[in-house]
Amino acid sequence: MPVLAAVGVLAFLILIHELGHFAAARLQGIHATRFSIGFGPALWRYQGSRTEYTLRLLPLGGYVGFPDDDPESPFLARDPDLLKNRPILDRAVVLSAGVLANLLVAYVALVLMTATVGIPVAEVQPGIRVPQVALDSPAARAGMVPGDMLLGAERGEVHLSFQDLTSRSQADQAIQAFQTLVRQGSPLQVQVQHPEQGGPTTLLLEPDTSQGVPVIGVGLEANETMVFRRPQGWGEVLREAARAYDEMVWMNVRGLQQLLTHFGDTAGQLAGPVGIVKVGADIAQTGPMKLLHFAALISINLGILNLLPLPALDGGHLAFLLIEAIRGKRLPKDFEERVMQTGLVFFLGLGVVLILKDSVAIATGAG
């Protein structure tokens, strides 16, 4: 069931994207003769008065078919309602409508999540969490492990206690005070609470000074738990959803920027349809509301990726429209087709590679 839920979310987002293109064409009176969700053999087909609707075996894609260059088209080549014969602005609206639909649905999903689950609020608890401990570090040699809770530290007459923290600012100050103590370089005692252990344990830490700045090899963070409170009216729901939406957009932009500037380090993190479904299935097991968060994130991701000025993507078509607007006439048709076909082959090949990579990772337990 979680896998079906994840596939359903991805198929729904693709449907929304294609509906955006289709609706933008129909509202402008532009001919659209095919509307297909999925690729491969047709499972269901319906011939409407103006459009053939098809559902195909693999629901991880789709397209809207325009009869502009269809040799069997019933429309004359000079028909003003063919997409190719419309002004640049009309065509730009059709080409960008899929992206706009994805971005709008993402916001709607966040509004629903905020209205039903509530607004997340971080509650700070006593102690400083130790999520990471470097291998063969002073902390590891002293007996610290990931998941420990740092309760206090002392050296000589300096005593730090972290058991009365109630706010994020207090936690940040406590972490800074502890790091200052570590940077003094001499041994210090710390009180830690190991995971699933009764009482606190005292450990002796000897900072490593070989790199010049004393370190103990741990990551520290506030001991926060996330709770949800009911929103105070729809105004707060819309504002909170907008804040979460803004965070997701910039997270996607930063991730894309990281991929472009550090491709060698981040290429391995790319995921195809199988990897996305795997993540969605894992999230679906935690509850349907988390699936809304997943849907919003993927919908924004689809929107931003489709805006890239690359062949076969909406952004590539929009780039050709921009060039046409600057030149005052279209680029040669054969040139546009070759570029788009090259892009399509590239993305299909990339998709196959990512599917194989994700499938092997799941089969071997690495993903």
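Proximity of a side-chain donor or acceptor of Arg91 to a complementary backbone N or O of Val94 within less than 3.5 Å is not detected. A donor-acceptor pair under 3.5 Å is formed between the side chain of Asn223 and the backbone N or O of Pro126. Remark: the backbone N or O of Gln28 is paired with a side-chain donor or acceptor of Arg86 at under 3.5 angstrom. Judged by distance alone, the side chain of Arg155 and the main-chain N or O of Ser186 form a donor-acceptor pair under 3.5 Å. Remark: side-chain polar atoms of Asn85 are paired, donor with acceptor, to backbone N or O of Asp79 under 3.5 angstrom.
Considering all non-hydrogen atoms of both residues, Ala77 and Lys84 come closest at O-CE, 3.9 Å. The nearest pair of heavy atoms linking Ala171 to Leu165 is CA-CD1, 4.0 Å. Nearest heavy atom pair, residue Gly62 against residue Ile14, reads N-CG2, 4.0 Å. Residues Pro138 and Leu205 share a closest heavy-atom pair of O-CD2, 3.9 Å. Contact between Pro146 and Pro131 at its shortest, heavy atoms only, is CB-O, 3.5 Å. The shortest heavy-atom contact between Ala32 and Val64 is CB-CG1, 4.0 Å.
Tracing side-chain contacts under 4.5 Å through hydrophobic residues (I, L, V, M, F, W, Y), one reaches Leu103 starting from Met251; they form part of the same cluster. A single hydrophobic cluster is not seen to contain both Val117 and Ile119; linkage of ILVMFWY side chains at heavy-atom distances under 4.5 Å, directly or through other members, places them apart. At a threshold of 4.5 Å between side-chain heavy atoms, the hydrophobic network of Ile, Leu, Val, Met, Phe, Trp and Tyr places Leu310 and Leu318 in one connected group. In this structure, Leu160 is not a member of the same hydrophobic cluster as Leu151, with clusters built from ILVMFWY side-chain heavy atoms closer than 4.5 Å. Phe66 and Leu321 fall into different hydrophobic clusters, where Ile, Leu, Val, Met, Phe, Trp and Tyr are joined by side-chain heavy atoms under 4.5 Å apart, directly or via other members.
Within a 6.0 Å sphere centred on CD of Glu247, other residues, nucleotides and ligands contribute more than 12 heavy atoms. Surrounding CD of Glu206 are at most 12 heavy atoms belonging to other residues, nucleotides or ligands under 6.0 Å away. Within 6.0 Å of atom CZ in Arg78, 12 or fewer heavy atoms from other residues, nucleotides or ligands are found, so the atom counts as exposed in its surroundings. Within 6.0 Å of the CG atom in Asp164, the count of heavy atoms belonging to other residues, nucleotides or ligands does not exceed 12. Around atom CD of Gln211, no more than 12 heavy atoms belonging to other residues, nucleotides or ligands sit under 6.0 Å away. Counting heavy-atom neighbours within 6.0 Å of Trp44 CH2, excluding the residue itself, gives a total above 12. Atom CZ of Arg229 has more than 12 neighbouring heavy atoms from other residues, nucleotides or ligands inside a 6.0 Å radius. The environment of CZ in Arg243 is crowded: more than 12 heavy-atom neighbours from other residues, nucleotides or ligands sit within 6.0 Å.
To the nearest 0.5 Å, atom CG of residue Asn306 and atom OG of residue Ser96 are 11.5 Å apart. Taken to the nearest 0.5 Å, the CG atom of Leu307 stands 11.0 Å off from the CG atom of Leu95. Note that the CD1 atom of Ile298 and the CE atom of Met248 stand 9.5 Å from one another [nearest 0.5 Å]. With values rounded to the nearest 0.5 angstrom, Thr201 atom OG1 is found 8.5 Å from Asp148 atom CG. Atom-to-atom distance recorded for Thr225:OG1 and Arg129:CZ is 8.0 Å, nearest 0.5 angstrom. Between the CD atom in Gln170 and the CD1 atom in Ile128 there is a gap of 11.0 Å [rounded to 0.5 Å].
Contact of the Val105 side chain with the Leu13 side chain is registered, since non-hydrogen atoms from C-beta on lie closer than 4.5 Å. Looking at Val249 and Ile300, their side chains come closer than 4.5 Å, going by heavy atoms from C-beta outward. Under the 4.5 Å side-chain criterion, counting only non-hydrogen atoms from C-beta, Val9 is not in contact with Phe12. Side-chain contact check for Val111 versus Leu238: some heavy-atom pair is nearer than 4.5 Å. Two residues are said to be in side-chain contact when any heavy atoms from C-beta on lie closer than 4.5 Å; His317 and Glu336 fail this criterion. Between Asn102 and Ile304 the shortest side-chain heavy-atom distance does not fall below 4.5 Å. Contact check for Glu123 versus Gln125: side-chain heavy atoms found under the 4.5 Å cut-off. Contact check for Ser137 versus Val218: no side-chain heavy atoms found under the 4.5 Å cut-off.
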(request) Report the C-alpha separation of Phe320 and Leu331 in whole Å, then their side-chain angles, then the decisive distance to 0.1 Å, and conclude whether the side-chain contact (heavy atoms from CB on, under 4.5 Å) test is met. (result) CA-CA 8 Å; Phe320 277 134; Leu331 290 167; 3.3 Å; yes

(message) Checking Val130 against Val192 for the side-chain contact (heavy atoms from CB on, under 4.5 Å) test, could you report, in this order, the C-alpha distance in whole Å, the side-chain angles of both residues, the deciding distance, and whether it holds?
(response) CA-CA 9 Å; Val130 183; Val192 299; 5.9 Å; no

(request) Give the intermediate values and the outcome of side-chain contact (heavy atoms from CB on, under 4.5 Å) for residues His17 and Leu302. (result) CA-CA 9 Å; His17 183 91; Leu302 285 175; 5.6 Å; no

(message) The test is side chain to side chain donor-acceptor pair (under 3.5 Å); show your working for Arg56 and Ser36 and say whether it passes.
(response) CA-CA 7 Å; Arg56 300 183 182 275; Ser36 177; 3.1 Å; yes

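With respect to the salt-bridge test (charged N to carboxylate O, under 4.0 angstrom), the residues Arg338 and Asp334 do not qualify.
The list of ring-ring contact (aromatic ring centres under 6.0 Å, His included) pairs with a residue in residues 156-182, not counting sequence neighbours, is empty.
Aromatic ring pairs are classed by plane angle as parallel below 30°, tilted from 30° to 60° and perpendicular above 60°; the pair Tyr107 and Tyr245 is perpendicular.
For Ala101, the side-chain contact (heavy atoms from CB on, under 4.5 Å) partners are Ile16, not counting sequence neighbours. Partners of Thr51 according to the side-chain contact (heavy atoms from CB on, under 4.5 Å) rule, which considers only residues two or more places apart in sequence or in another chain, are Phe22, Arg26, Phe35, Tyr53.
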